Amino acid sequence: MSGPALRSKDSHSSIHEAAILEANELTELIDQLIRDNHAGQALEVAYILVEHWETRTLRHAEAEEDGLYREFVEKTPELKETIVALTRDHQLLRLIVMEIKDILAKDGVNKDVLQRFQALILIDLLHNQEEMKLLA
């Protein structure tokens, strides 16, 4: 069973908004550091941002999949297709984070990493909109 914060639209929305705000700020910082030729600092922030995605967004996604999504399907089986799509969004986020980690390990921080961080934000924003419709 999922916790009350996941089932409450306002609480759930707040969790999403805080995580995405922080991710956006760190992504913008990486962009600025790259443009200012501060590769070492950009790399440090990139690793912090990877940790952010793993510990905030992806851990939250696991909780949704293990509790909230199962509850939705049990109560309303016709939501199964929507839940599959939302779960796929989580998988895309996981795959992109893995790609970022591989690029950082091989090449350090670069525009490809920045683009993937930006893609994470876009996917997460779209995902969150769909999820909020379920909680409405």
Side-chain angles (χ1 to χ4, degrees):
M1 175 170 254
S2 60
L6 289 182
R7 290 189 304 272
S8 164
K9 182 179 179 185
D10 290 338
S11 295
H12 201 131
S13 179
S14 293
I15 291 167
H16 286 190
E17 288 175 19
I20 204 73
L21 179 66
E22 187 175 336
N24 196 48
E25 288 174 356
L26 290 169
T27 300
E28 288 176 4
L29 178 57
I30 292 169
D31 184 31
Q32 186 63 49
L33 290 167
I34 289 171
R35 283 187 274 126
D36 292 345
N37 294 316
H38 296 295
Q41 290 175 316
L43 183 61
E44 288 178 35
V45 176
Y47 278 115
I48 291 167
L49 186 50
V50 165
E51 182 179 355
H52 165 82
W53 279 102
E54 290 177 330
T55 61
R56 299 280 306 273
T57 302
L58 296 178
R59 194 162 294 147
H60 174 78
E62 288 174 22
E64 290 174 338
E65 291 167 5
D66 293 342
L68 184 66
Y69 290 0
R70 288 182 186 186
E71 290 174 20
F72 276 135
V73 173
E74 286 172 9
K75 288 182 184 177
T76 315
E78 56 270 15
L79 289 177
K80 185 175 182 178
E81 189 174 313
T82 300
I83 297 303
V84 167
L86 291 170
T87 302
R88 177 60 179 157
D89 294 345
H90 291 165
Q91 187 58 24
L92 289 172
L93 295 174
R94 290 180 186 106
L95 290 170
I96 294 170
V97 168
M98 286 175 33
E99 282 187 0
I100 290 169
K101 290 168 73 172
D102 287 343
I103 294 168
L104 289 174
K106 292 175 186 169
D107 304 322
V109 70
N110 56 34
K111 290 289 186 181
D112 292 335
V113 168
L114 182 62
Q115 288 173 344
R116 281 167 176 75
F117 279 131
Q118 292 165 337
L120 287 171
I121 291 168
L122 180 58
I123 292 168
D124 200 40
L125 285 170
L126 294 170
H127 169 85
N128 294 345
Q129 289 173 6
E130 291 303 309
E131 202 171 80
M132 289 303 104
K133 289 178 188 176
L134 288 178
L135 292 168

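Keep in mind that what you see is a predicted model, and the values were worked out from it rather than measured. Starting from 1, each residue takes its place in the sequence as its number.
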Pairs of donor and acceptor atoms involving the side chains of residues 42-54, under 3.5 Å and at least two apart or interchain, shall be tabulated with distances.
| residue | atom | partner | partner atom | Å |
| --- | --- | --- | --- | --- |
| His52 | NE2 | Ala19 | O | 3.0 |
| Glu54 | OE2 | Lys101 | NZ | 2.7 |

What's the separation between atom [atom1] in [X] and atom [atom2] in [Y], rounded to the nearest 0.5 Å?
{"X": "Asn24", "Y": "Leu122", "atom1": "CG", "atom2": "CG", "answer": "11.0 Å"}
{"X": "Leu21", "Y": "Ile121", "atom1": "CG", "atom2": "CD1", "answer": "10.0 Å"}
{"X": "Leu79", "Y": "Glu81", "atom1": "CG", "atom2": "CD", "answer": "10.5 Å"}
{"X": "Ile83", "Y": "Glu71", "atom1": "CD1", "atom2": "CD", "answer": "10.5 Å"}

Grab the two heavy atoms, one from Arg94 and one from Leu58, that are nearest each other, plus how far apart they are.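 Closest heavy-atom pair between Arg94 and Leu58: CG-CD2, 3.8 Å.
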
**Asked** Shortest non-hydrogen contact from Ile123 to Asp89?
**Response**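 Looks like CG2-O, 4.3 Å.
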
Taking the side chain as every heavy atom from C-beta outward, state whether [X] and [Y] have any atom pair closer than 4.5 Å.
{"X": "Val73", "Y": "Tyr69", "answer": "no"}
{"X": "Leu120", "Y": "Ile100", "answer": "yes"}
{"X": "Val113", "Y": "Ile34", "answer": "no"}

Are [X] and [Y] linked, directly or through other ILVMFWY residues, by side chains that come within less than 4.5 angstrom of each other?
{"X": "Ile15", "Y": "Leu26", "value": "no"}
{"X": "Ile96", "Y": "Leu125", "value": "yes"}
{"X": "Met132", "Y": "Leu134", "value": "yes"}

Gln129, Lys133, His127 screened by side-chain hydrogen bond (donor to acceptor under 3.5 Å, both in side chains) with Glu131, the one that passes:
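By the side-chain hydrogen bond (donor to acceptor under 3.5 Å, both in side chains) criterion, Glu131 pairs with just one of Gln129, Lys133, His127: His127.
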
Next on the checklist: Among Gln91, His90, His60, Arg70, exactly one meets side-chain hydrogen bond (donor to acceptor under 3.5 Å, both in side chains) together with Glu65. Which residue is that?
Outcome noted: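 When Gln91, His90, His60, Arg70 are each tested with Glu65, the side-chain hydrogen bond (donor to acceptor under 3.5 Å, both in side chains) holds only for His90.
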
Any sub-3.5 Å donor-acceptor pair from Asp36's side-chain atoms to His38's backbone N or O?
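No.
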
Check your understanding: Are the charged groups of Glu130 and Arg88 less than 4.0 angstrom apart, N to O?
Key ->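 No salt bridge links Glu130 with Arg88.
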
*Would you call Asp31-Lys111 a salt bridge at under 4.0 Å N-O?*
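A salt bridge is present here (some side-chain N lies under 4.0 Å from a carboxylate O).
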
### Message
Quick check on Glu78: does its CD atom have over 12 non-hydrogen neighbours (other residues, nucleotides or ligands) under 6.0 Å away?
### Response
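Above 12, so yes.
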
Residue pairs, two or more places apart or on separate chains, that pass salt bridge (charged side-chain N to carboxylate O under 4.0 Å, His left out) and touch residues 115-129: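 Sorted pair list: Glu99-Arg116.
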
